[in-house]
Structure formats: structure tokens, C-alpha cells
Asker: 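Once you've had a glance at the structure underneath, I'll fire off some questions.
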Amino acid sequence: MTRDLVLVPGGRNQWLSALNVLLGKIAALRGFDLYATLTLFLLLLYSDDSPWIRIPITVLCILAFIFVPLRRSAKFWFVVALLVLVSNYQNWYQADNHKYLHGYWCVALFCALHTRDPERSAGIAARWLIGLTFLWAVFWKLSSDDYLNGSFFHFSLLIDERFHRVAQGLGGLTERMNELNHAAYRALVNYDSHLSAVGLASGPAIAGVAALMTWWTLILEALIAVAFLWPEEKFISKWRDYFLLLFILTTYLVAPVVGFGWVLAIMGLAQTSNRSALLTLLYIVTFVSLQVYRLPQLLLP
Amino acid sequence: MSLFPPNMVDSFRSIPGANATRRGDVWREKALVCVAPSLLCIIALLQIYLVRTASLSPWKGGGFGMFSTVDSSEARFLRIYLVTEYDQIPILVPDSLNPLARKARTIPTLQNLTGLGEHLAQGTWVPYEFVSAMQRYQNLHAGDEAFPDTSATGDISTGMMSVVENEPTISLEGLDLFRMVEPGEAEPSPGSALEFTSVRVELWKYRFDNQTLTLIALPHSEVTVAR
């Protein structure tokens with residue numbers, strides 16, 4: 001075991017054979033059971049906070065971890081999908097979009113298990129769900145009054161705490177500016193305020209970073225939408241996995257919405273079935289990376 | 001693009017009438033695959049309708065409009081006033097009404113704003129009073145038989161009680177800072193509740209001008225609810 005890891009002349013071959021072994025093991029993992037299991041992780045960690053939904057979903061997910069036939073049962077996914085959809089219905093005006101996507105994905109798994117080839121059916125549904133999600137996201141960005149001119153990301157870099165490290169590191173926003181911006185923001189939205197406008201302070205490169213984020217996000221989302229909705233294995237469709245992986249790895253590095261990143265990675269994995277062990281490995285690495293991304297947030301002050 | 005491999009239905013070929021069955025199965029399976037994507041599209045179209053007609057925030061409602069605009073539910077804020085004969089007093093939404101306030105901010109229909117206003121107008125509003133933690137403990141201790149009598153044992157809490165016995169309550173009455181009496185709370189002493197005629201609920205939205213670096217508040221809608 002240790003000898004395999006020592007770099008010696010001809011060691012490159014050993015690394016390649018080790019990689020082959022790993023890919024072989026990953027290939028054996030592929031299929032409905034793999035992404036059903038990852039979906040259980042997703043629901044266990046990122047389902048609704050209401051105890052009426054959270055408790056039954058937690059119990060069901062734990063049971064499905066233990067009893068393999070349960071996670072291959074259409075009835076199981078029907079109950080889980082129903083719980084997620086009811087939860088979204090109750091909180092429809094405040095639920096985040098990825099919570100809706102969790103519900104659709106559970107419905108897709110339930111429906112797939114009623115077909116003769118559940119793996120292939122779930123893969124097709126996953127491809128459509130990803131394509132449509134990004135199509136709507138692009139629609140909103142193009143029809144927004146304040147996206148294309150860079151206002152949205154400029155504002156987010158100045159005020160949104162999720163973008164604070166990028167604003168500081170790349171945009172040159174100082175702590176003093178940050179403090180001033182938050183004071184201005186509070187002064188405007190406080191319950192007893194009668195102000196109608198406040199000025200914000202911006203770092204020297206914030207506008208440039210905002211423009212970069214604006215176009216990077218829009219172009220990548222448009223590429224994903226087109227690539228996933230294009231007929232399979234033709235033209236841009238061949239590149240779809242790489243676009244999606246690039247999106248997940250770059251977007252959630254800045255704004256770690258793990259519940260969204262995970263459902264995209266799981267659906268990405270589902271629609272790669274029987275295509276490539278390397279892609280399966282990349283999706284799994286991406287799935288794990290999203291948790292690793294959170295470490296600086298947890299460890300740094 | 002074929003949804004299913006041809007060998008999937010080969011076994012039907014030798015059965016009389018199997019072609020119809022096969023076509024039926026293929027369509028059934030195609031329909032099953034389309035259920036979740038169709039659900040996504042229906043909800044997304046409904047969300048567009050609600051954004052256009054009811055000012056729903058594009059971030060919410062399942063239409064995938066997140067990170068496309070400043071106009072999230074946080075960009076909508078409430079300015080609420082108790083209107084008295086001589087004045088109008090800004091108030092904070094009490095914790096118990098926060099879900100209603102959140103809904104009114106995310107989808108500010110007349111119905112949602114009026115609903116919030118009605119709850120606020122039905123409430124009893126009293127001036128804020130700050131009571132120290134020790135004073136609060138003492139008040140609860142004195143009025144509840146469930147607490148053991150520790151005066152004879154020299155318990156440390158009894159010792160603290162003697163320290164805070166004469167500590168005055170800090171009243172903020174002059175600052176026009178009012179709070180709504182929460183459900184289950186004791187009725188306020190006579191004369192301490194604020195007399196007001198109506199509640200005005202204003203919903204504002206801000207937008208960001210990246211040329212002048214200014215955050216601008218704009219009035220969106222308002223309702224006045226009589227008491």
C-alpha cells in the first residue's frame with residue numbers, strides 16, 4: 001500500500017493504475033442507488049426546519065440508509081416527495097428555489113421507479129430539470145432592471161456578508177467602508193427612519209469585480225441551459241457536465257448555498273449514468289467539496 | 001432523440017395487439033419522465049404571473065430568479081405608524097407578527113398589508129420599560145409560590161434580591177418607544193396603553209444606483225387601518 005504511494009522511476013504508471021482502480025470502484029458505485037443515497041444525505045441535512053416535516057423526513061432517510069430496498073421503492077419516494085412538496089406549499093412565499101428543486105427531484109425519482117428503466121428515466125428527468133432551472137435563471141437575469149448593468153453584484157459586494165471576503169480580497173473594500181455601508185443600510189431600513197437615500201462606499205476594484213461576476217454567471221448559466229436542453233451527445237451537449245461542474249465549483253465557492261449545489265451535483269450525477277466513471281468521480285468530488293468550502297467560514301473569525 | 005432503447009420492448013413483438021400496448025407503455029413512460037420538469041415549468045410560469053401582478057419578489061416563489069436583482073424580500077421594508085390625534089409614532093413589528101410582516105414584504109398585496117395592519121390595530125400598545133434581569137427575577141419570585149422560600153438559608157439569590165430591592169424601573173416613555181402587549185401577557189395598568197386612531201402600514205423598496213453609489217428608498221404601497 002505504502003509502496004504504491006512512493007514516487008520512483010516508472011511511478012507514473014503506478015499512479016495511473018491506482019487511478020484506474022479508483023475509477024473501477026466508482027464505476028461499480030454508479031446507478032440509481034448512488035444518487036438515491038446522496039439524495040438521502042441532502043434531505044437529511046437540508047430539508048425544512050419545521051418539526052412536522054423534519055422529523056418524518058429524518059426518520060425515513062435513516063430507515064432508507066439502513067434498509068436498501070426502501071430507497072429503491074417508489075412508495076418511499078412518493079411519501080418523501082409528498083412531504084417536501086407539502087413543506088414547500090406551506091412556505092411557498094419564503095422557501096428558497098432549491099427547496100422547490102428538492103421536491104421536483106424527489107418526484108422525478110418516484111416517477112422513474114414506475115418505468116422499466118428507472119436509472120435512464122431519472123437521468124432524463126435530471127437533465128431536463130437542470131436545463132430548465134438554468135433557463136429560468138437566465139430569463140430572470142435578462143429581464144431584470146438591475147442585473148446587466150452590474151448593479152446587483154455591485155450592491156451585493158458592498159452589503160451582502162456572503163460576498164464580503166471577495167469584496168475585501170479582490171475589490172479592495174476596507175473594514176471601515178464595510179462598517180460605513182452597514183451603518184448606512186441600517187439607517188435607511190430601520191423602522192423609525194425617514195431617510196429616502198443613503199450613500200455607500202465602494203472599493204477601487206469593486207465595479208470591475210461586479211462586472212466580472214455578472215457576465216461570468218450569465219454566460220455560464222446560459223451555456224448550461226443550452227447544453228442540457230440540446231439533444232443528447234450532439235454539439236454543445238457533449239460539454240454539459242464540465243459547464244455544470246465549473247458552475248458549482250466556482251459559484252458556491254463565493255456563495256456557499258450547499259443545498260442548491262448538492263441537488264445540482266446529484267442530478268448531474270444521475271444524468272451521467274453509464275457515460276463516464278471520470279465524470280462520476282468529478283461529481284462526487286464536487287459534492288464533497290461544497291462542504292469543504294464551508295470550512296473557512298467556520299474556522300476563520 | 002429516443003427515450004428508451006429498442007430492446008426494451010422487443011418481448012412484445014410476438015404478442016397479438018402488442019404494438020398498441022407497446023405504444024401505450026412508451027407514452028406512459030415518457031409522460032412519467034415529464035412530470036417533474038412540467039411541474040417546474042408550471043410553478044415558474046405561475047411565479048412570473050405573481051411577480052407581474054402581485055409584486056412577488058423575483059427571488060421567491062420557485063421561479064429561479066435568485067441573484068438576478070436587488071429586489072429580494074430584504075430590499076422591501078416596512079415603516080409602520082400608530083396614528084394618534086396629534087402625532088404618528090413609528091413602531092417595530094412584534095415578534096409574534098413577524099411571519100405576517102415577512103409575507104407582506106415578499107408579496108405585498110393589499111390583502112397582506114391590510115391583514116398585518118389589522119393585527120397591529122387590534123393590539124394594545126404600551127411604552128417600553130427596561131427591567132434588569134435581577135429585578136425581573138425578584139418580581140417573579142415574589143409572585144410565585146412555586147419558588148422555595150430561601151430567606152432562612154441565606155441563598156445567594158436572596159442576597160441579590162436585597163441589593164436590587166429598590167432599583168427603579170427605567171421608563172422610556174418620553175422617547176415614544178412603544179411595544180405591543182403579547183398574547184398571554186398581563187393586561188397593562190389603566191392609563192398606560194397608548195390611545196391611537198389608526199395604523200398606517202407603508203411598504204418601501206430600495207434600489208441601488210451604481211453610478212452614484214446611492215441606495216434609494218422608494219414608496220411601494222401603503223394602507224391605513226382604523227382601530
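Chain identifiers are assigned alphabetically (A, B, ...) following the order of the sequence lines, protein sequences preceding nucleic acid strands; residue numbering begins at 1 within each chain. Because the structure is predicted, anything quoted here is derived from the model rather than measured. Only this structure's heavy atoms are used, side chains among them; waters, hydrogens and symmetry mates stay out.
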Asker: Calculate, to the nearest 0.5 Å, the distance between atoms OG and CZ belonging to Ser72(B) and Phe152(A) respectively.
Answerer: 8.0 Å

Asker: Can you name the nearest heavy-atom pair linking Asn97(A) to Gly62(B), along with the distance?
Answerer: OD1-CA, 3.1 Å

Asker: Under a 3.5 Å distance rule, please check whether Asp146(A) uses its side chain to pair with a backbone N or O of Val70(B) as donor and acceptor.
Answerer: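 Yes; at least one donor-acceptor contact below 3.5 Å.
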
Asker: If you apply the rule ring pair (Phe, Tyr, Trp, His ring centres under 6.0 Å), what do you find for Tyr206(B) with Tyr185(A), and how did you get there?
Answerer: CA-CA 10 Å; Tyr206(B) 61 68; Tyr185(A) 180 84; 5.6 Å; yes

Asker: Go through the atoms of Ala112(A) and report whether side chain, backbone, both or neither lie under 4.5 Å from a heavy atom of chain B.
Answerer: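 No part of Ala112(A) comes within 4.5 Å of chain B.
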
Asker: Around atom NE2 of His119(B), are there more than 12 heavy atoms from other residues, nucleotides or ligands closer than 6.0 Å?
Answerer: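 No, NE2 of His119(B) has 12 or fewer neighbouring heavy atoms, counting only those of other groups under 6.0 Å.
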
Asker: What is the minimum heavy-atom distance between Arg116(A) and Val26(B), and which atoms define it?
Answerer: NH2-N, 4.3 Å

Asker: Can you find a heavy atom in the side chain of Val33(B) that is under 4.5 Å from one in the side chain of Arg120(A)?
Answerer: no

Asker: Taking every non-hydrogen pair under 4.5 Å, which of Val138(A), Leu129(A), Asp192(A) racks up the most with chain B?
Answerer: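 The option with the most such pairs is Leu129(A).
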
Asker: Can you tell me how far the CG atom of Asn210(B) sits from the CG atom of Leu158(A), to the nearest 0.5 Å?
Answerer: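 Interatomic distance, Asn210(B) CG to Leu158(A) CG, rounded to 0.5 Å: 10.0 Å.
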
Asker: Given the options Ala137(A), Ser196(A), Ala210(A), which has more heavy-atom pairs under 4.5 Å with chain B than any of the others?
Answerer: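 Heavy-atom pair counts peak at Ser196(A).
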
Asker: Using non-hydrogen atoms only, which part of Ile216(B) is less than 4.5 Å away from chain A: side chain, backbone, both, or neither?
Answerer: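 Contact with chain A involves both backbone and side-chain atoms of Ile216(B).
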
Asker: Which atoms of Thr106(B) come close to chain A, meaning under 4.5 Å heavy atom to heavy atom: side chain ones, backbone ones, both, or neither?
Answerer: side chain

Asker: For Phe64(B), which atoms come within 4.5 Å of any heavy atom of chain A: side chain, backbone, both, or neither?
Answerer: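 Interface part for Phe64(B): both.
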
Asker: If we define contacts as heavy-atom pairs under 4.5 Å, which of Leu200(A), Ile206(A), Val107(A) has the most with chain B?
Answerer: Leu200(A)

Asker: Fit a plane to each ring of Phe208(B) and Phe155(A), take the angle between them on a 0 to 90° scale, and name the class: parallel (under 30°), tilted (30 to 60°) or perpendicular (over 60°).
Answerer: tilted

Asker: Between OH of Tyr191(A) and CD1 of Ile91(B), what distance do you get to the nearest 0.5 Å?
Answerer: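 Going from the OH atom of Tyr191(A) to the CD1 atom of Ile91(B) covers 9.5 Å.
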
Asker: What closest approach, in Å, do Arg79(B) and Leu188(A) show between heavy atoms, and which atom pair accounts for it?
Answerer: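 What the structure gives for the nearest pair is NH2-O, 3.0 Å.
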
Asker: Who in residues 211-229 of chain A is close to chain B, using a strict under-4.5 Å heavy-atom cut-off?
Answerer: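 So no residue qualifies.
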
Asker: Check whether Asp145(A) gets within reach of chain B through its side chain, its backbone, both or neither, counting any heavy atom under 4.5 Å.
Answerer: neither

Asker: Got a sec: does the CD of Glu195(B) have more than 12 other heavy atoms crowding it under 6.0 Å?
Answerer: no

Asker: Do Lys60(B) side-chain atoms and Gln94(A) backbone N/O form a donor-acceptor pair below 3.5 Å?
Answerer: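 Checking the backbone N and O of Gln94(A) against the side chain of Lys60(B), a donor-acceptor pair under 3.5 Å is found.
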
Asker: Are there over 12 heavy-atom neighbours, none belonging to Glu182(B), within less than 6.0 Å of that residue's CD?
Answerer: yes

Asker: Under a 3.5 Å distance rule, please check whether Trp140(A) uses its side chain to pair with a backbone N or O of Gly63(B) as donor and acceptor.
Answerer: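 At least one qualifying donor-acceptor pair exists.
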
Asker: Is there a side-chain contact between Trp92(A) and Leu50(B), using heavy atoms and a 4.5 Å cut-off?
Answerer: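 Yes, side chains in contact.
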
Asker: Find out whether Trp136(A) and Gln47(B) are in side-chain contact, i.e. whether some heavy atom of one side chain is under 4.5 Å from a heavy atom of the other.
Answerer: no

Asker: Is chain A contacted by the side chain of Arg207(B), its backbone, both, or neither, given a heavy-atom distance below 4.5 Å?
Answerer: neither

Asker: Identify which part of Gln211(B) has an atom lying under 4.5 Å from any heavy atom of chain A, answering side chain, backbone, both or neither.
Answerer: neither

Asker: If you take all heavy atoms of His114(A) and Arg28(B), which pair is closest and at what distance?
Answerer: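 Closest approach of His114(A) to Arg28(B), heavy atoms only: O-NH2, 3.1 Å.
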
Asker: Quick check: do His98(A) and Met66(B) have side-chain heavy atoms less than 4.5 Å from each other?
Answerer: no

Asker: Sub-3.5 Å donor-acceptor pair from the side chain of Ser144(A) to the main-chain atoms of Ser68(B), do we have one?
Answerer: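 Such a contact is found between Ser144(A) side chain and Ser68(B) backbone.
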
Asker: Which bit of Val51(B) comes within less than 4.5 Å of chain A, counting heavy atoms only: side chain, backbone, both or neither?
Answerer: side chain

Asker: Would you give the length of the straight line joining atom CG of Leu132(A) to atom CG of Leu39(B), rounded to the nearest 0.5 angstrom?
Answerer: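 Reported value, rounded in 0.5 Å steps: 11.5 Å.
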
Asker: Please report the shortest heavy-atom distance between Phe67(B) and Arg162(A), naming the atom on each side.
Answerer: CZ-NH1, 3.8 Å

Asker: Please report the interatomic distance CG(Asp209(B)) to CG(Asn149(A)), rounded to the nearest 0.5 Å.
Answerer: 8.5 Å

Asker: Non-hydrogen atoms of chain A under 4.5 Å away: do they reach the side chain of Cys41(B), the backbone, both or neither?
Answerer: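 The answer is both parts of Cys41(B).
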
Asker: Can you tell me how far the OG1 atom of Thr115(A) sits from the CG atom of Asp25(B), to the nearest 0.5 Å?
Answerer: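 Between atom OG1 of Thr115(A) and atom CG of Asp25(B) there are 11.0 Å.
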
Asker: In terms of heavy-atom pairs under 4.5 Å, which option from Val93(B), Leu40(B), Leu32(B), Thr214(B) contacts chain A the most?
Answerer: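 If we count pairs closer than 4.5 Å to chain A, Leu40(B) comes out on top.
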
Asker: What part of Phe134(A) lies closer than 4.5 angstrom to a heavy atom of chain B: side chain, backbone, both or neither?
Answerer: neither

